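Worksheet for the structure shown next.
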Amino acid sequence: MSVADPARAVCPAPSVETGRVLLGHGSGGRLSAELLRDVILPAFGTAGDVPQDAAAFAVDGARLALSTDAFVVDPLFFPGGDIGALAVHGTVNDLAMMGAAPVALALAYVIEEGFPVEDLRRISASAGAAAAAAGTRIVTGDTKVVGRGAADGLFVTTTGVGRRLSGAAVSAAAARPGDVVLLSGPIGVHGTAIIGAREGFGFAAELASDTRPLHRLAAAMVAAAGPALHAMRDPTRGGLASALNEIAAASRAGIEIDEAALPVPAPVADACDLLGLDPLHVAGEGCLVAVAAAEAADDLLNAMRRTPEGEGAVVLGRVVGEHPGRVVMHTLVGGRRIVDMLLGEQLPRIC
């Protein structure tokens with residue numbers, strides 16, 4: 001097998017302003033936030049709303065959540081999963097970050113002419129099985145077929161409705177100075193697994209995506225902490241850095257984390273060293289970051305560790321009154337550095 005060029009796997013940050021959408025606008029980082037803020041959300045009349053993983057609303061007294069997500073991952077099949085399971089997990093997890101259990105899902109395909117029917121059958125079966133394992137069903141959807149070259153095989157969009165759990169009061173804007181920041185497990189696994197599989201790097205054999213549903217972990221956390229659980233985010237596109245910056249910005253508070261507490265698996269660290277990536281910017285699909293009142297942190301950490309999805313949970317840092325809207329990391333050598341949102345696109349099409 002030939003050795004792939006690491007430089008080909010990483011997209012450079014854009015250096016100039018343009019009047020066109022760039023690949024970096026889909027990174028989940030700073031350019032994504034700017035595109036939403038300046039172009040998309042004002043057209044919908046929601047520019048002033050707090051960005052959340054899902055919308056929370058009530059219908060006839062029922063507290064619900066709604067989320068939708070598109071998936072363009074390449075390759076469609078990868079170690080640890082495929083685009084069908086990933087699409088279901090992604091939407092279930094977005095609902096979970098608002099303290100909601102999934103009730104029903106919708107799924108839509110955009111299929112390129114010539115796509116193998118057997119692959120479509122495998123992906124559909126995987127999506128159905130993932131929904132069943134999460135205690136829900138895919139109840140409606142849509143299928144479109146476009147000409148050769150108009151899509152790269154298959155794109156999937158999933159939408160989910162969830163019922164918010166009793167006691168759930170999470171919001172990206174609810175972090176307060178004195179709160180504790182917790183992380184449920186290792187970071188950067190999914191993104192490095194995808195790029196390894198796509199490019200044929202040697203480390204691909206050591207990594208499998210961590211894609212999985214997190215609603216049971218979220219339910220255990222809500223049960224343990226109730227309204228003392230202030231915020232949850234799953235660090236997908238843009239990685240942990242974007243998730244923390246979103247909470248800090250929405251809450252108008254500072255966040256400080258400890259590098260020594262970061263759970264970065266050795267294969268992920270090695271892959272990031274090879275590719276020149278920061279693990280804080282690499283997507284995961286099987287962990288979450290949470291912010292909770294200090295008095296609830298011990299009970300919450302214990303509840304997380306009692307679940308399979310949270311057995312590696314750690315205390316990562318704290319919310320502070322200083323440097324509102326910024327995330328700062330205390331480094332292993334005793335220094336401090338700003339943890340900013342990703343600029344540009346490091347790993348395109350990882351979800």
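Computed from a prediction, not measured in an experiment: that's the story for all the values here. In what follows, residues are counted from 1 in the order of the sequence shown.
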Look at the side chain of [X] and the backbone N and O of [Y], then say whether any donor-acceptor pair between them is shorter than 3.5 Å.
X: H281; Y: D340; result: yes
X: S126; Y: G84; result: no
X: Q52; Y: S171; result: no
X: E112; Y: G153; result: yes
X: R164; Y: R63; result: no
X: D234; Y: T236; result: no
X: S67; Y: D53; result: yes
X: T136; Y: V103; result: yes
X: H89; Y: L86; result: no
X: R122; Y: D82; result: no

Count the heavy atoms belonging to other residues, nucleotides or ligands that lie under 6.0 Å from [atom1] of [X], then report whether that count exceeds 12.
X: R252; atom1: CZ; result: no
X: R163; atom1: CZ; result: no
X: R337; atom1: CZ; result: yes

Once rounded to the nearest 0.5 Å, what's the spacing between atom [atom1] of [X] and atom [atom2] of [Y]?
X: I83; Y: I123; atom1: CD1; atom2: CD1; answer: 6.5 Å
X: R349; Y: F155; atom1: CZ; atom2: CZ; answer: 5.0 Å
X: D179; Y: E295; atom1: CG; atom2: CD; answer: 8.0 Å
X: R305; Y: L300; atom1: CZ; atom2: CG; answer: 10.5 Å
X: R37; Y: R30; atom1: CZ; atom2: CZ; answer: 10.5 Å
X: R318; Y: D258; atom1: CZ; atom2: CG; answer: 6.5 Å

- Step by step, would you call T158 with V92 a side-chain contact (heavy atoms from CB on, under 4.5 Å)? CA-CA 9 Å; T158 45; V92 167; over 6 Å; no

Among the clusters formed by ILVMFWY side chains lying less than 4.5 Å apart, do [X] and [Y] turn up in the same one?
X: L262; Y: V314; value: yes
X: L107; Y: L95; value: no
X: I111; Y: V73; value: yes
X: L207; Y: L280; value: yes
X: V156; Y: F77; value: yes

Mind checking whether [X] and [Y] have side chains closer than 4.5 Å, heavy atoms only?
X: L76; Y: F115; answer: yes
X: D152; Y: V72; answer: no
X: I195; Y: I350; answer: no
X: C272; Y: T192; answer: yes
X: C287; Y: P235; answer: yes
X: L240; Y: L316; answer: yes
X: M221; Y: L288; answer: yes
X: I187; Y: V264; answer: yes

Apply side-chain contact (heavy atoms from CB on, under 4.5 Å) to the pair V268 and V282, showing each step before the final yes or no. CA-CA 9 Å; V268 172; V282 180; 5.7 Å; no

For residues [X] and [Y], report the shortest heavy-atom separation together with the two atoms involved.
X: M232; Y: A290; answer: CG-CB, 4.1 Å
X: S242; Y: R237; answer: CB-O, 4.2 Å
X: V319; Y: A253; answer: CG1-CB, 3.7 Å
X: P102; Y: H215; answer: CD-CD2, 3.8 Å
X: S124; Y: Y109; answer: OG-OH, 2.7 Å
X: S209; Y: F78; answer: CB-CE1, 3.7 Å

Checklist entry - Got a salt bridge between E246 and R233, using NZ or NE/NH1/NH2 to carboxylate O under 4.0 Å? => result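 Yes, E246 and R233 are salt-bridged.
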
So that I can tick it off, tell me whether R336 and E256 are bridged by a salt bridge, with the cut-off set at under 4.0 angstrom between side-chain N and carboxylate O.
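Looking at R336 together with E256, the answer is yes, because their closest N to O distance falls below 4.0 Å.
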
Inset, instruction - Could you please spell out the steps behind the side-chain contact (heavy atoms from CB on, under 4.5 Å) verdict for L244 and V181? - result: CA-CA 9 Å; L244 291 173; V181 179; 4.1 Å; yes

Excluding sequence neighbours, so at least two apart, what forms salt bridge (Lys or Arg N to Asp or Glu O under 4.0 Å) with D119?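 Listed in chain order: nothing, the list is empty.
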
Residue pair V88, I138: steps toward the side-chain contact (heavy atoms from CB on, under 4.5 Å) verdict
CA-CA 9 Å; V88 169; I138 299 169; 4.2 Å; yes

